Amino acid sequence: WEDDFTDRASEFVAQLKHTCKTPIIASAGWPRDHALWTQKATRAGASYFFSLPFPVPEFVEAVKNCLSEEKEKRSDKIV
């Protein structure tokens with residue numbers, strides 16, 4: 001059931017990325033194989049992945065990067 005859970009979570013990330021077309025920050029405290037989940041989440045479209053508990057400074061930096069990316073996309077559309 002662990003594989004099923006991570007597969008469904010990866011599908012959710014992919015659907016969210018496709019629907020919202022924005023950077024995605026994913027996080028999980030489970031499963032234990034964080035390297036595998038990191039790989040699955042980023043392959044599904046997550047811009048960043050953090051295992052719980054995550055380091056706050058790195059998380060804040062990821063949020064800033066995502067917001068900056070969105071701001072650039074919006075300014076490119078305004079011509």
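Numbering starts at 1 and runs along the sequence shown. The structure presented is a predicted model; accordingly, all values stated were derived computationally and were not measured.
Contact between Val13 and Ala26 at its shortest, heavy atoms only, is CG2-CB, 4.5 Å. Of all heavy-atom pairs between Ser47 and Lys17, the closest is OG-NZ, 4.1 Å. In terms of heavy atoms, Lys21 sits closest to Glu70 at O-OE2, 3.9 Å.
A donor-acceptor pair shorter than 3.5 Å can be found between the side chains of Lys40 and Thr6.
Using a 30° and 60° split on the angle between ring planes, Phe50 and Tyr48 fall in the parallel class, below 30°.
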Practice task
Starting from the C-alpha separation in whole Å, work towards a yes-or-no answer on side chain to side chain contact (heavy atoms under 4.5 Å, CB included) for Thr22 and Cys66.
Solution key: CA-CA 8 Å; Thr22 60; Cys66 289; over 6 Å; no
Handout entry: side chain to side chain contact (heavy atoms under 4.5 Å, CB included) between Ser27 and Phe59, worked out
Key = CA-CA 10 Å; Ser27 64; Phe59 180 78; over 6 Å; no
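Distance alone, capped at 3.5 Å, is enough to place a donor-acceptor pair between the Thr42 side chain and the Gln39 backbone.
Residues Ile24 and Val60 do not share a hydrophobic cluster, clusters being chains of Ile/Leu/Val/Met/Phe/Trp/Tyr side chains in contact below 4.5 Å.
In this structure, CZ on Phe54 lies 8.5 Å from CD1 on Ile25, to the nearest 0.5 angstrom. Atom-to-atom distance recorded for Arg8:CZ and Glu11:CD is 8.5 Å, nearest 0.5 angstrom.
Annotation for Lys64: atom NZ does not count as buried by contact number, only 12 or fewer foreign heavy atoms lying within 6.0 Å. Other residues, nucleotides and ligands place no more than 12 heavy atoms under 6.0 Å from the CD atom of Gln15.
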